[in-house]
Amino acid sequence: MTAADVLHAERIPTTIYSDSEQASIAAAGEIAALIRQRAREGRPAVLGLATGSTPTRLYEELVRLHQEEGLSFQNVVTFNLDEYFPMAPDSLQSYVRFMREYLFDHIDIQPENVHIPDGTVPADQVAEFCRRYEEQIREAGGIDLQLLGIGRTGHIGFNEPGSGAASRTRLITLDHITRTDAASDFYGEENVPRRAITMGVGTILEARQIMLLAWGEGKAAVVKRMVEGDMTDSVPATYLQKHASVHVILDEAAAAELTRVKTPWLVGLDQHWHDDAQVRKAVTWLARTLQKPILKLTAEEYNEHGLSGLLAESGGAYDINIRVFNQLQHTITGWPGGKPHADDTHRPERAAPFPKRALIFSPHPDDDVISMGGTLLRLVDQGHEVHVAYQTSGNIAVFDDEAIRFADFVAEYDEAFSLVGAPPSDNLYRRVADTLKSKQPGQVDSDEVQQIKGLIRRGEARSALRYAGLDPDTRAHFQDLPFYETGRVRKKPLGEEDIQLTIDLLNRLQPHQIYAAGDLSDPHGTHRVCLAAIFEAVRRLKAAGTPWLQDCWVWLYRGAWQEWDVAEIEMAVPLSPQELTRKRRAIFKHQSQKDRPLFPGADQREFWQRAEERNRTTAQLYDQLGLPEYEAIEAFVRWKF
């Protein structure tokens with residue numbers, strides 16, 4: 001593919017990395033090179049910095065470069081993009097606190113060189129503060145490199161839709177979608193400030209270089225609009241197309257909707273059609289575009305939609321159609337653990353051994369039943385030894401009144417049964433009630449409250465397993481990985497203890513099947529960290545030559561936030577109406593998440609509604625492609641280490 005071909009679709013230089021880890025390290029390397037270059041020149045390096053989950057790994061890498069490779073920040077001057085208004089600097093959600101925790105407290109930057117919009121400025125002085133902020137940037141010589149993320153509305157900084165290309169640092173009212181996305185950080189949308197101070201689009205565009213980072217499937221649609229769409233103030237990030245030196249850095253998930261990734265044959269990208277996965281992707285795209293079953297696609301339709309090369313390399317349309325149709329048909333199985341005493345040549349799972357020991361990793365205490373509840377029930381019904389590892393406690397996702405209700409129950413239970421020597425539960429109830437009554441929005445729960453909320457989630461998980469026919473005393477494994485147990489939405493990075501706990505569990509159970517959440521659109525990042533713990537544990541076990549791992553397959557599920565594309569699916573487990581109802585009832589056992597989840601993300605529906613819609617949509621796609629019609633399908637992709 002030539003540069004001209006790429007530019008035909010992409011209007012901003014874009015680099016795609018396999019994952020956010022590699023992308024963050026590469027981006028940090030570019031920033032470190034600039035800092036060192038400016039130091040050699042005897043000049044300050046002026047950086048514009050961003051907050052949020054996207055740049056955290058980049059900041060960790062900069063800290064590592066400082067602590068292990070001597071990168072000095074003595075010559076660095078920083079200007080942050082934005083801050084909520086009003087916002088005290090020591091608040092949990094403050095960007096002042098964020099920058100200290102992730103970067104400034106761990107490097108040798110001079111305090112006087114740090115500039116962050118002040119969320120405590122009196123309202124009548126905000127305009128003057130913003131004017132002075134712009135002046136300080138000019139006095140520093142202008143921003144050398146501006147780091148950006150992108151919001152779902154296409155905002156950069158807090159420049160919401162409607163922000164013009166000439167806008168400057170100012171007080172702005174936040175869009176509803178932006179406030180919804182921030183709701184988890186504030187323990188409810190009602191607690192999110194309605195305004196913020198932000199650099200303007202014009203201020204950002206004056207930086208000499210701009211680097212924008214985006215990770216995850218949730219950003220894919222807006223990334224496409226930014227990189228390939230027309231410039232418009234309804235998507236402020238598109239104004240980056242005006243800048244002479246912009247670099248967009250993506251992981252594969254965030255790049256998924258770009259033309260060169262989704263339909264590379266449409267931008268002249270040379271295709272070598274020996275890759276079955278690429279052929280399947282092209283053929284299913286063509287069938288969905290034309291809304292036709294695969295077996296009805298014609299040679300003319302291949303040619304008219306940029307796929308003449310596929311015909312030339314792979315034979316006629318009929319042969320291609322049959323091959324892809326059979327591949328999709330072979331993904332469908334009613335035996336997710338493998339069918340015993342059957343020919344498994346064209347089945348996604350091997351027949352032996354039977355029964356299998358299956359270990360389902362659930363990032364939160366309900367992801368197992370939400371995302372693969374039907375498959376879990378099928379595995380149990382078919383006689384497999386099923387274990388579920390709940391990787392985190394999920395304690396922050398419980399409403400305060402639930403904790404009070406349970407504390408009250410314990411107090412009344414002790415009194416009702418006159419338990420001799422029982423602890424003074426009424427005192428516990430009063431402490432919990434008083435603590436929660438005086439708690440400020442976003443304040444971390446006390447240890448007692450965190451423990452009660454964790455026990456609520458644990459009890460619900462046990463109830464769901466009992467409903468599925470499993471004994472929670474032997475089949476439930478509550479890991480409570482330390483990275484999660486902060487009592488806050490913002491978690492610690494994945495640590496050695498998290499990985500070792502995962503290794504220990506795997507070695508103890510020695511499963512034939514591992515199921516893990518590959519749903520990386522989880523806006524809080526917990527799924528991503530939990531999956532990283534599993535991947536690293538398996539890699540280490542493989543490197544050590546662990547014998548049992550040679551007969552273990554890893555399947556990745558989705559469902560709570562995102563679903564696999566039909567071309568990616570390697571195992572499709574169909575669900576009958578009755579099985580879908582059973583799955584729903586298992587989800588309902590998680591009562592604290594029913595009716596209104598504390599952290600619903602951008603999708604305000606209940607999790608069971610989302611899961612059923614995604615399962616039904618997958619089944620409908622199979623039907624539209626000409627395959628058997630089912631009520632619903634749970635989908636999996638195999639990770640081959």
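Reckoned from all heavy atoms, side chains included, excluding hydrogens, waters and symmetry mates.
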Is any side-chain heavy atom of [X] less than 4.5 Å from a side-chain heavy atom of [Y]?
X: Leu481; Y: Ser393; result: no
X: Leu580; Y: Arg616; result: yes
X: Ile396; Y: Gln450; result: no
X: Phe325; Y: Leu297; result: no
X: Leu213; Y: Ser24; result: no
X: Phe483; Y: Cys530; result: yes
X: Trp215; Y: Tyr17; result: no

Looking at [X] and [Y], what are the two nearest heavy atoms and their distance?
X: Ala287; Y: Ile294; result: CB-CG1, 4.0 Å
X: Ala23; Y: Leu250; result: CB-O, 4.3 Å
X: Val380; Y: Ala468; result: CG1-O, 3.3 Å
X: Ile633; Y: Ala572; result: CG2-CB, 3.6 Å
X: Tyr630; Y: Pro574; result: CD2-CB, 3.4 Å
X: Leu531; Y: Gly518; result: CD2-CA, 4.1 Å

**OP:** Mind running salt bridge (charged side-chain N to carboxylate O under 4.0 Å, His left out) on Arg457 and Asp366 for me, showing each step along the way?
**Re:** CA-CA 8 Å; Arg457 298 299 304 270; Asp366 55 357; 3.4 Å; yes
Kindly check if the number of other-residue, nucleotide or ligand heavy atoms within 6.0 Å of [atom1] ([X]) is above 12?
X: Lys296; atom1: NZ; value: no
X: Arg585; atom1: CZ; value: no
X: Tyr318; atom1: OH; value: no

Less than 4.0 Å between a side-chain N and a carboxylate O, is that true for [Y] and [X]?
X: Lys492; Y: Asp498; answer: no
X: Lys262; Y: Glu257; answer: yes
X: Arg582; Y: Asp381; answer: yes
X: Glu385; Y: Lys356; answer: no
X: Arg558; Y: Asp565; answer: no
X: Lys453; Y: Asp400; answer: yes
X: Arg466; Y: Asp471; answer: no
X: Arg280; Y: Glu568; answer: no
X: Glu536; Y: Arg540; answer: yes

For [X] and [Y], test the side chains for any donor-to-acceptor distance below 3.5 angstrom and give the result as yes or no.
X: Asn321; Y: Tyr302; result: yes
X: His527; Y: Asp367; result: yes
X: Trp548; Y: Asn507; result: yes
X: Gln451; Y: Asp447; result: no
X: Trp555; Y: Glu349; result: yes
X: His477; Y: Gln479; result: no
X: Tyr515; Y: Gln513; result: yes
X: Ser18; Y: Glu252; result: no
X: Asp480; Y: Tyr390; result: no
X: Ser592; Y: Glu460; result: yes
X: Glu485; Y: Asn395; result: yes
X: Thr617; Y: Glu563; result: no
X: Lys583; Y: Asn615; result: yes

I need the [X] [atom1] to [Y] [atom2] distance, nearest 0.5 Å.
X: Leu455; Y: Arg458; atom1: CG; atom2: CZ; result: 6.5 Å
X: Ser463; Y: Lys589; atom1: OG; atom2: NZ; result: 4.5 Å
X: Trp564; Y: Thr331; atom1: CH2; atom2: OG1; result: 14.0 Å
X: Arg347; Y: Thr345; atom1: CZ; atom2: OG1; result: 9.5 Å
X: Thr263; Y: His305; atom1: OG1; atom2: NE2; result: 11.0 Å
X: Leu505; Y: Leu359; atom1: CG; atom2: CG; result: 5.5 Å

Subject >> Cation-aromatic face contact Arg638/Trp553, 6.0 Å, 45 degrees >> reply: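 Output yes; distance and angle both within limits.
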Original post:
Counting N and O atoms only, with roles assigned by atom type, does the side chain of Thr546 sit under 3.5 Å from a partner on the main chain of Lys542, one being a donor and the other an acceptor?
Top reply: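 Between the backbone of Lys542 and the side chain of Thr546 there is no qualifying donor-acceptor contact (under 3.5 Å).
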Subject >> Short side-chain to backbone donor-acceptor contact, Thr56 and Ser53, under 3.5 Å >> reply: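 Yes; at least one donor-acceptor contact below 3.5 Å.
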Subject >> Mutual orientation of the aromatic rings belonging to His384 and Phe354 [parallel < 30°, tilted 30-60°, perpendicular > 60°] >> reply: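 Because their plane-to-plane angle is over 60°, the rings of His384 and Phe354 count as perpendicular.
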Original post:
Any idea how His330 and His346 line up, ring-wise: parallel (<30°), tilted (30 to 60°), or perpendicular (>60°)?
Top reply: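 The rings of His330 and His346 lie parallel, inter-plane angle below 30°.
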**OP:** Take Asp251 and Lys219 through the test salt bridge (charged side-chain N to carboxylate O under 4.0 Å, His left out) and record every step on the way to the result.
**Re:** CA-CA 10 Å; Asp251 65 359; Lys219 298 293 178 70; over 6 Å; no
**OP:** Determine, stepwise, if the pair Glu613 / Arg610 fulfils salt bridge (charged side-chain N to carboxylate O under 4.0 Å, His left out).
**Re:** CA-CA 5 Å; Glu613 187 268 337; Arg610 307 183 204 183; over 6 Å; no
